[in-house]
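Report on the following structure.
First listed ligand is number 1; within each ligand, the first listed atom is number 1. In what follows, every heavy atom counts, from backbone to side chain, and hydrogens, waters and symmetry copies are set aside. Here the structure is a predicted model, which is why all the values come from computation and not from measurement.
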Amino acid sequence: MEWCVSMPKVELHAHLNGSIRDSTLLELAKGLGDKGLIDFSQVEHVILKNDRSLAEVFKLFDVIHILTTDHATVTRITKEVVEDFASENVVYVELRTTPKKNDSKGMSKHSYIEAVLEGLRAVSSVDVDFIPNSEELKHLSNPLLSTTNDKCNENTRKKIFVRLLLSIDRRETTEAAMETVMLALEMRHFGVAGIDLSGNPAVGEWVTYLPALKFAREQGLSVTLHCGEVPNSREIHDMLDFLPERIGHACFFEEDHWRKLKSSKIPVELCLTSNIRTLSVPSIDAHHFVDLYNSKHPVVLCTDDSGVFSTSVSNEYKIAASSFGLGRKETFELSKNAVEFIFADNTVKEDLRNIFSSAAKNLE
Ligand code: 6MZ
């Protein structure tokens with residue numbers, strides 16, 4: 001496990017509200033319990049329960065959202081989640097989250113994302129690079145665009161790159177999805193790099209989100225889709241035909257889908273623990289990682305919801321190494337290859353390639 005922790009890693013599929021520490025969730029639940037707003041013992045039971053079906057996971061998210069959807073808490077969880085990833089040597093993370101409206105807290109989708117950005121600025125254990133580094137942005141004089149939390153000398157501080165993906169929840173309407181895409185465009189200068197389609201896969205129709213996803217693409221935002229998390233042959237075909245920049249999961253693919261995926265070379269975000277815990281894949285030996293890896297299809301290991309599934313990026317690499325017989329070199333290569341599938345610009349890719357080349361020397 002040690003070396004899985006110490007090697008640099010890239011995380012491309014992490015939902016903010018799924019990545020919260022249990023201790024934070026319990027503290028928040030206790031706070032609301034003390035105020036008589038929730039029944040703490042019931043919520044505690046839901047938070048600490050270990051095995052959950054996919055349907056139960058979405059019930060848990062409804063509980064989590066009650067606990068977290070105010071500005072201060074969104075800022076707090078963002079800070080903690082980024083610090084947790086940095087502490088296990090994740091050097092680049094794409095954090096995805098669904099912008100939420102909560103009228104009772106005066107929260108709009110816009111102010112939700114502002115609170116997330118505040119969380120990135122509040123990180124203290126590591127330097128956070130979340131502002132796109134293009135020449136054009138360097139000339140802007142907005143003080144908020146100055147490098148975020150460089151409190152110490154760059155050379156002596158650890159650094160993590162963070163980019164944001166705004167998620168469209170499958171419960172949303174076309175208009176709400178479009179609003180999220182407009183927000184992503186507005187927030188591009190603050191590190192929003194793309195759009196994700198997620199939420200309960202048993203809910204909603206592909207055609208509902210398509211106009212917003214097409215618009216995102218026309219405007220140059222990258223798109224990743226939760227695809228094949230439940231059996232839905234028609235939707236999987238439609239999603240692959242859309243040619244997203246990446247897809248997540250791909251658990252319930254049939255022969256035709258594999259063929260289409262492999263010829264398209266769309267990178268797949270694989271979440272081993274999540275898939276096993278939600279019974280989307282019967283056992284680790286049966287996981288499609290093996291086939292994709294053997295056929296050299298681009299894949300990246302991710303946590304999905306490190307809090308909900310009690311995992312970490314290092315743990316996902318450890319599971320892959322031990323379950324699929326990967327040596328250190330192969331595991332390191334798997335981690336390094338993820339750099340090629342990030343949504344940030346080429347200057348970030350180049351920086352990350354350098355980080356991995358330096359780390360490779362220590363491996364020899
Ligand atoms: C699909 C998932 C998910 O956006 O509130 N989410 N969507 N499949 C999954 N596999 C288990 N895990 C998380 O983070 C929580 C939200 O992310 C999506 C769901 O919409 C969930 O409500 P945010 O930060």
Side-chain angles (χ1 to χ4, degrees), residues 11-21 24-25 28 46-47 50-71 73-82 85 93-102 107 109 112-113 115-117 119-120 162 164-172 176-177 180 183-184 192 194-204 206 209 224-232 235 239 246-252 268-281 302-311 316:
E11 165 63 278
L12 300 183
H13 188 133
H15 298 272
L16 174 61
N17 276 283
S19 308
I20 308 171
R21 300 170 187 164
T24 298
L25 277 183
L28 295 170
V46 177
I47 292 172
N50 255 335
D51 282 317
R52 303 186 173 90
S53 66
L54 197 56
E56 283 176 321
V57 165
F58 291 103
K59 282 193 200 132
L60 172 61
F61 280 123
D62 288 340
V63 172
I64 292 177
H65 289 145
I66 293 170
L67 302 178
T68 61
T69 310
D70 65 78
H71 294 114
T73 307
V74 169
T75 296
R76 171 184 175 177
I77 61 174
T78 305
K79 172 183 186 286
E80 290 181 353
V81 165
V82 170
F85 280 125
V93 54
E94 275 171 24
L95 200 53
R96 55 185 78 189
T97 193
T98 321
K100 294 168 191 75
K101 233 167 98 76
N102 184 354
M107 178 184 276
K109 284 188 172 188
Y112 177 93
I113 295 300
V116 170
L117 294 173
L120 299 182
V162 181
L164 299 174
L165 308 184
L166 303 197
S167 301
I168 295 168
D169 186 317
R170 297 182 60 111
R171 285 179 291 199
E172 289 182 298
T180 296
L183 179 60
V192 173
I195 294 288
D196 156 58
L197 174 67
S198 55
N200 190 342
V203 171
W206 170 243
Y209 331 111
T224 177
L225 305 173
H226 281 60
C227 178
E229 217 180 350
V230 292
N232 188 342
E235 183 179 272
M239 286 183 166
R246 296 197 307 254
I247 60 164
H249 296 298
C251 298
F252 288 90
V268 187
E269 305 149 359
L270 292 175
C271 309
L272 303 175
T273 300
S274 163
N275 295 160
I276 302 294
R277 296 287 282 279
T278 57
L279 303 177
S280 306
V281 167
C302 304
T303 53
D304 204 7
D305 299 293
S306 55
V308 169
F309 299 121
S310 307
T311 188
E316 296 302 298

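Take His226 and apply the ring pair (Phe, Tyr, Trp, His ring centres under 6.0 Å) test, not counting sequence neighbours, and it matches His13, His15, His249. With sequence neighbours excluded, the residues that form a side chain to side chain contact (heavy atoms under 4.5 Å, CB included) with Ile47 are Asp22, Leu25, Leu26, Ala29, Val43, Leu67.
Of the listed residues (Asn17, Thr73, Thr24), just one forms a side-chain hydrogen bond (donor to acceptor under 3.5 Å, both in side chains) with Thr68, and that residue is Asn17.
When each atom of ligand 1 is checked for a heavy atom of Asn17 under 4.0 Å away, the hits are 5 (O), 14 (O), 15 (C), 23 (P), 24 (O). Listed by atom number, the atoms of ligand 1 under 4.0 Å from Asp305 heavy atoms are 3 (C), 11 (C), 12 (N), 13 (C).
Of the heavy atoms in Glu229, only side-chain atoms (C-beta onward) come closer than 4.0 Å to ligand 1. Neither the backbone nor the side chain of Val308 has a heavy atom within less than 4.0 Å of ligand 1. With a heavy-atom cut-off of 4.0 Å, Leu16 touches ligand 1 through backbone and side chain alike.
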Working note: Thr303 + Glu316, criterion side chain to side chain donor-acceptor pair (under 3.5 Å); need CA distance, chi angles, decisive distance, verdict. CA-CA 7 Å; Thr303 53; Glu316 296 302 298; over 6 Å; no
Apply the test salt bridge (Lys or Arg N to Asp or Glu O under 4.0 Å) to residues Glu269 and Arg96: give CA-CA distance (whole Å), side-chain angles for both, the deciding distance (0.1 Å), then the verdict. CA-CA 13 Å; Glu269 305 149 359; Arg96 55 185 78 189; 3.1 Å; yes
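The pair Glu229-Arg170 fails the salt-bridge criterion, with no side-chain N (NZ, NE, NH1 or NH2) lying under 4.0 Å from an Asp/Glu carboxylate O.
Ligand 1 has an N or O atom lying under 3.5 Å from an N or O atom of Gly199, backbone or side chain. Between Ser274 and ligand 1, not a single N/O pair is under 3.5 Å apart. Some N or O of His65 is nearer than 3.5 Å to an N or O of ligand 1, by distance alone. For Asn200, no nitrogen or oxygen atom sits less than 3.5 Å from a nitrogen or oxygen atom of ligand 1, counting backbone and side chain alike. By the 3.5 Å distance cut-off applied to N or O atoms, Arg171 is not counted among the residues near ligand 1.
Residue, atom and distance of the protein heavy atom nearest to atom 4 (O) of ligand 1 are Thr98 OG1, 2.5 Å. With hydrogens left out, the protein atom closest to atom 17 (O) of ligand 1 is His15 ND1, 3.0 Å, a heavy atom. Atom 11 (C) of ligand 1 has Asp304 OD2, 3.4 Å as its closest protein atom, hydrogens excluded (heavy atom only).
Of the possible donor and acceptor atoms, none in the side chain of Lys59 sits under 3.5 Å from a partner among the backbone N and O of Val46.
Inter-residue side-chain proximity for Pro201 and Leu54 is flagged as met; some heavy-atom pair is nearer than 4.5 Å.
Of all the listed residues (Thr97, Val116, Asp169, Asp196), Thr97 holds the heavy atom that lies closest to atom 24 (O) of ligand 1.
Thr69 approaches Asn102 most closely through the heavy-atom pair O-ND2, 2.8 Å.
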